[in-house]
Every structure is written in structure tokens, then in C-alpha cells.
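Let me begin by presenting the structure, written as C-alpha cells, before commenting on it.
Nothing here was measured: the structure is a model prediction, and the numbers come from that model.
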Amino acid sequence: MTMPHHALEITLTQPLSPAALHHAARVLPLAANHDATRLIALVPAKTPRRALRRLRHRLGTRLPIDVITTHYPDVDHKVLFNVAFPPSAHAALAADARRAQQTPERFLELALHRALAEHADQETDRVDRAVRQLLAHTTPAYLLSAVGHALTRLPERPTP
């Protein structure tokens, strides 16, 4: 039976020089984006978690890795993260997780879910306020028409 390969994305803390990329690619084949701040690797492993650990072990000392993620969601529709914290941050995280009677991984997962939910709520409130402000100066029909017009001319990337 063949070992499955997992697509992993590596976000770097700084761009790689061509020589550094070539040196790292000798350990594991890598594909880089245009400015060498993000890489993709196919890593053989039984599970995505093992692939993340294997990649960190093989390239962690050769590259300025910030975060490693699975490129595709798993069967539970989750993207897995691998973050190496400094010892002091890891100790604080472990202590907080112990107090909450959770593993550090679970504690961090729940904290991330809470932060993302709070961000989504804030974004919904911001858009709602903006729409109400627009409706104070026009009719719903004109606003809907303007939104439709704007949506047909969207830029390739959302603007902040």
C-alpha cells in the first residue's frame, strides 16, 4: 500500500533567497510563490498531523517558518495548523490549558474559534451600520441597484 501525500503550506517569517530555497528543496521538494514567502510541499505521512510534524522536523531548522498549515481541509472540514511557540509562550499556553482542564491543542483551537466568531460578529455589525448609514440617504431600491452594479465590477482582491 502506498503512503498518502499531504499538501502543506508553509508561511515564512521572511522571504527566502534563491540559494536558501535551493538548499531547503534538496531536503524536500518545494514550490514557492512569487516572493518566496510562502511554500507548498507534498509530504508523505499516514495522517495530516504526522505530515505537519514531519515537515517541521525536516525543515524547521533550515527555514524561517512561521506557520505550517494543511493546504486542503480534512474530512471534518478543518485546516490544521502547526505553530512553534517560543518556550515562554508555550509554557504560558500549557499553564492556561491545564487550568481549563484541556490539552494545549484543544485550548488553542477553542480560543481561535472564539476569536474568529467574534471577528465575524464585528464584521457583520460594521456592515450593518454602513448599510443603515447608506439607507439614511437613499431608498432601498437605489441601494440594491448600486450594490448589484458594484458587485459586477469587483476587483480581484477585496479591499481592506
Side-chain angles (χ1 to χ4, degrees), residues 1-98 100-128 130 147 150-160:
M1 186 172 157
T2 61
M3 179 83 63
H5 285 68
H6 302 276
L8 303 180
E9 185 168 343
I10 305 163
T11 303
L12 303 172
T13 59
Q14 62 191 31
L16 284 183
S17 68
L21 179 59
H22 177 72
H23 181 68
R26 291 168 60 197
V27 176
L28 190 66
L30 300 168
N33 70 335
H34 71 284
D35 64 356
T37 56
R38 292 173 45 206
L39 309 171
I40 292 284
L42 287 175
V43 180
K46 288 183 180 179
T47 67
R49 283 188 197 282
R50 286 186 182 179
L52 289 166
R53 277 191 232 114
R54 182 170 289 160
L55 183 109
R56 173 78 65 181
H57 178 73
R58 291 173 79 181
L59 294 177
T61 58
R62 296 174 189 265
L63 297 174
I65 296 175
D66 189 17
V67 179
I68 304 169
T69 64
T70 50
H71 189 65
Y72 300 106
D74 65 8
V75 295
D76 296 322
H77 308 288
K78 293 181 180 180
V79 173
L80 303 180
F81 286 79
N82 180 288
V83 180
F85 291 109
S88 59
H90 189 270
L93 174 63
D96 289 346
R98 240 187 334 273
Q101 298 180 341
Q102 297 169 344
T103 65
E105 293 82 8
R106 182 68 177 153
F107 182 81
L108 200 53
E109 178 183 6
L110 292 174
L112 184 58
H113 281 283
R114 282 191 303 272
L116 289 172
E118 183 177 332
H119 174 73
D121 288 346
Q122 290 171 352
E123 186 65 5
T124 299
D125 290 345
R126 182 188 69 78
V127 171
D128 185 55
V147 168
L151 288 175
T152 62
R153 289 163 179 75
L154 280 179
E156 288 185 28
R157 291 179 164 203
T159 55

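Under the salt bridge (Lys or Arg N to Asp or Glu O under 4.0 Å) criterion, Asp96 pairs with Arg99, sequence neighbours left out. Residues that satisfy the side chain to side chain donor-acceptor pair (under 3.5 Å) test with Thr37, not counting sequence neighbours, are Asn33, Asp35. Annotation: side chain to side chain donor-acceptor pair (under 3.5 Å) contacts of Asp128 (sequence neighbours excluded): Arg132.
Each of Ile65, Leu63, Leu59, Leu55 was compared with Leu39 under the side-chain contact (heavy atoms from CB on, under 4.5 Å) criterion, and only Leu63 meets it.
Screening residues 50-61 for salt bridge (charged side-chain N to carboxylate O under 4.0 Å, His left out), with sequence neighbours left out, gives no hits.
A donor-acceptor pair under 3.5 Å is absent between the side-chain atoms of His6 and the main chain of Thr70, judged by distance alone.
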Please list every donor-acceptor pair under 3.5 Å in which a side-chain atom of residues 106-121 meets a protein atom from a residue at least two apart or in another chain.
{"from": "Arg106", "atom 1": "NH1", "to": "Glu109", "atom 2": "OE1", "distance (Å)": "3.3"}
{"from": "Glu109", "atom 1": "OE2", "to": "Lys78", "atom 2": "NZ", "distance (Å)": "2.9"}
{"from": "Glu118", "atom 1": "OE2", "to": "Gln122", "atom 2": "NE2", "distance (Å)": "3.2"}

Side-chain polar contacts of residues 7-30 - donor-acceptor pairs under 3.5 angstrom, sequence neighbours left out - could you list them?
{"from": "Glu9", "atom 1": "OE1", "to": "His71", "atom 2": "ND1", "distance (Å)": "3.3"}
{"from": "Glu9", "atom 1": "OE2", "to": "Arg38", "atom 2": "NE", "distance (Å)": "2.6"}
{"from": "Glu9", "atom 1": "OE2", "to": "Arg38", "atom 2": "NH2", "distance (Å)": "2.6"}
{"from": "Thr13", "atom 1": "OG1", "to": "Pro64", "atom 2": "O", "distance (Å)": "3.2"}
{"from": "Ser17", "atom 1": "OG", "to": "Ala20", "atom 2": "N", "distance (Å)": "3.0"}
{"from": "His23", "atom 1": "NE2", "to": "Arg62", "atom 2": "NH1", "distance (Å)": "3.2"}

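Nearest heavy atoms, Phe81 versus Val67: CD2-CG1, 3.7 Å. Heavy atoms only, all atoms of each residue included: Ala51 and Val43 are closest at O-CG1, 3.8 Å.
At most 12 non-hydrogen atoms from other residues, nucleotides or ligands lie less than 6.0 angstrom from NE2 of His90.
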